[in-house]
Engineer: 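Next up is a structure, given as structure tokens.
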There are 2 protein chains.
Amino acid sequence: MANQTLDDTDLQILQCLIDNSLRSHKEIGQLVHLSGQAVGARVRRLHDLGVIDGYTLRWNPDKIGQTVHAFVTVFMKSNTAHTAFLSFARSRPEIIEVHRVSGEGCYWMRVRLSGGGALNALLDEVLAYGNYKLSLSIEMVK
Amino acid sequence: MANQTLDDTDLQILQCLIDNSLRSHKEIGQLVHLSGQAVGARVRRLHDLGVIDGYTLRWNPDKIGQTVHAFVTVFMKSNTAHTAFLSFARSRPEIIEVHRVSGEGCYWMRVRLSGGGALNALLDEVLAYGNYKLSLSIEMVK
DNA sequence: TTCATTTACTTTCATAGTGAAAGGAAATCG
DNA sequence: CGATTTCCTTTCACTATGAAAGTAAATGAA
């Protein structure tokens with residue numbers, strides 16, 4: 001296999017697919033001056049290199065009733081609570097994303113819920129592991 | 001057009017596509033007991049209803065050298081800085097996502113950068129609009 | 001230099017996925 | 001009761017795809 005590095009064409013293809021992963025290789029090929037098959041080969045390489053992890057949707061949670069979008073910074077109350085907290089976080093589908101962070105708090109997470117009641121219930125459960133700070137997203141402006 | 005509501009099958013299809021948007025309609029159809037074409041029609045409806053916004057990639061920014069992933073909460077220093085800050089944020093490709101928030105600060109944003117130097121430079125610019133709090137993502141654990 | 005190898009591409013071809021159209025079954029409604 | 005609507009299936013034509021074969025340029029060794 002070739003060089004581990006990506007050239008400009010690879011990045012262009014990547015950007016193009018991030019924008020719309022259904023674009024055909026042929027169409028992308030016209031942009032980057034390659035045949036569709038050559039684009040296909042590069043996409044496969046991006047996959048092999050681990051640059052591309054998978055294909056997914058851009059979608060609208062509030063259209064299925066998940067109107068609350070919030071960010072929660074968690075401050076663990078003890079050193080032993082970490083693994084328990086992690087398995088809790090992983091088990092909850094309303095917790096979309098969790099990061100171990102340095103700076104403010106120990107963990108940061110993004111949650112999506114159907115309303116204030118659900119948020120209240122979730123935060124109550126978080127309290128078992130530590131304190132938190134909450135930011136509600138009013139609008140995603142970018 | 002039909003009812004505005006989505007049934008369980010629609011949600012199953014949605015979940016399936018979020019997991020892997022390249023799955024064929026036929027394969028999804030086998031899961032939800034429909035023909036591929038019926039799945040296609042429902043996917044089109046999800047599009048029309050605005051539930052599905054587009055198709056994109058799950059990918060790995062650190063593989064292209066963007067190794068720093070950070071969350072920045074911004075506290076505006078004046079009421080007039082908002083629009084300027086927004087156009088600044090929108091113009092910077094390293095600022096991936098921006099939300100207006102209630103709770104901690106005025107805005108929350110996610111940034112991806114090539115290293116500490118770039119982060120330092122970006123934060124310097126943010127200081128023109130207000131103060132900030134920074135959290136570095138050590139690892140995305142979910 | 002010359003020949004062999006590698007890399008990355010194009011073209012060709014067989015296969016699979018797609019949307020459009022036509023037709024059918026069940027539910028709704030006057 | 002028949003008409004309409006909704007949602008589905010089947011069929012069909014078209015397009016996108018990956019595999020294979022062939023080509024051209026670059027690299028490297030004798």
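In what follows, chains are A, B, ... by sequence order, proteins preceding strands, each numbered from 1.
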Engineer: Under 4.0 Å between a side-chain nitrogen and a carboxylate oxygen: does that hold for B:E97 and A:K142?
Structural biologist: no
Engineer: At 10 degrees resolution, what angle do the end axes of the helix from C:dT1-D:dA30 to C:dG30-D:dC1 form when each is taken over five base pairs?
Structural biologist: 20°
Engineer: Measure from CD1 on A:I13 to C1' on C:dC9 and round the result to the nearest Å.
Structural biologist: 12 Å
Engineer: A:S114: what forms a side-chain contact (heavy atoms from CB on, under 4.5 Å) with it, not counting sequence neighbours?
Structural biologist: A:A118
Engineer: Could you pull out all residues at least two apart from B:E94 that satisfy salt bridge (charged side-chain N to carboxylate O under 4.0 Å, His left out)?
Structural biologist: B:R92
Engineer: Please collect all ring pair (Phe, Tyr, Trp, His ring centres under 6.0 Å) contacts where either partner lies in residues 111-142 of chain A, sequence neighbours excluded, each pair once.
Structural biologist: A:F85-A:Y129, A:F88-A:Y129
Engineer: Rounded to whole Å, please give me the gap between CG in B:D48 and P in D:dC7.
Structural biologist: 13 Å
Engineer: May I ask you to list the residues sharing a hydrophobic cluster with A:I138, side-chain cutoff 4.5 Å, ordered by chain and number?
Structural biologist: none
Engineer: Who are the salt bridge (charged side-chain N to carboxylate O under 4.0 Å, His left out) partners of B:R23, not counting sequence neighbours?
Structural biologist: B:D19, B:E27
Engineer: Could you run down nucleotides 10-21 of chain C 5' to 3' and tag each one B, S or - for protein heavy-atom contact under 4.0 Å?
Structural biologist: BBB----SSBB-
Engineer: For B:D7 and D:dT6, give me the distance from atom CG to atom P, rounded to whole Å.
Structural biologist: 15 Å
Engineer: Identify every side-chain donor-acceptor pair in residues 34-43 of chain B under 3.5 Å, counting partners at least two apart or on other chains, and give the distances.
Structural biologist:
| unit_1 | atom_1 | unit_2 | atom_2 | d |
| --- | --- | --- | --- | --- |
| B:S35 | OG | B:A38 | N | 3.2 |
| B:R42 | NH1 | B:D7 | OD1 | 3.0 |
| B:R42 | NH1 | B:D7 | OD2 | 3.2 |
| B:R42 | NH1 | B:D10 | OD1 | 3.0 |
| B:R42 | NH1 | B:D10 | OD2 | 3.4 |
| B:R42 | NH2 | B:D7 | OD2 | 3.3 |

Engineer: Quick one: hydrophobic cluster around B:W108, which other residues, with the 4.5 Å side-chain cut-off, linked directly or via members?
Structural biologist: A:F71, A:V101, A:W108, B:F71, B:V101
Engineer: Closer than 4.0 Å, any side-chain N/O of A:R42 to the OP1 or OP2 of C:dC9?
Structural biologist: yes
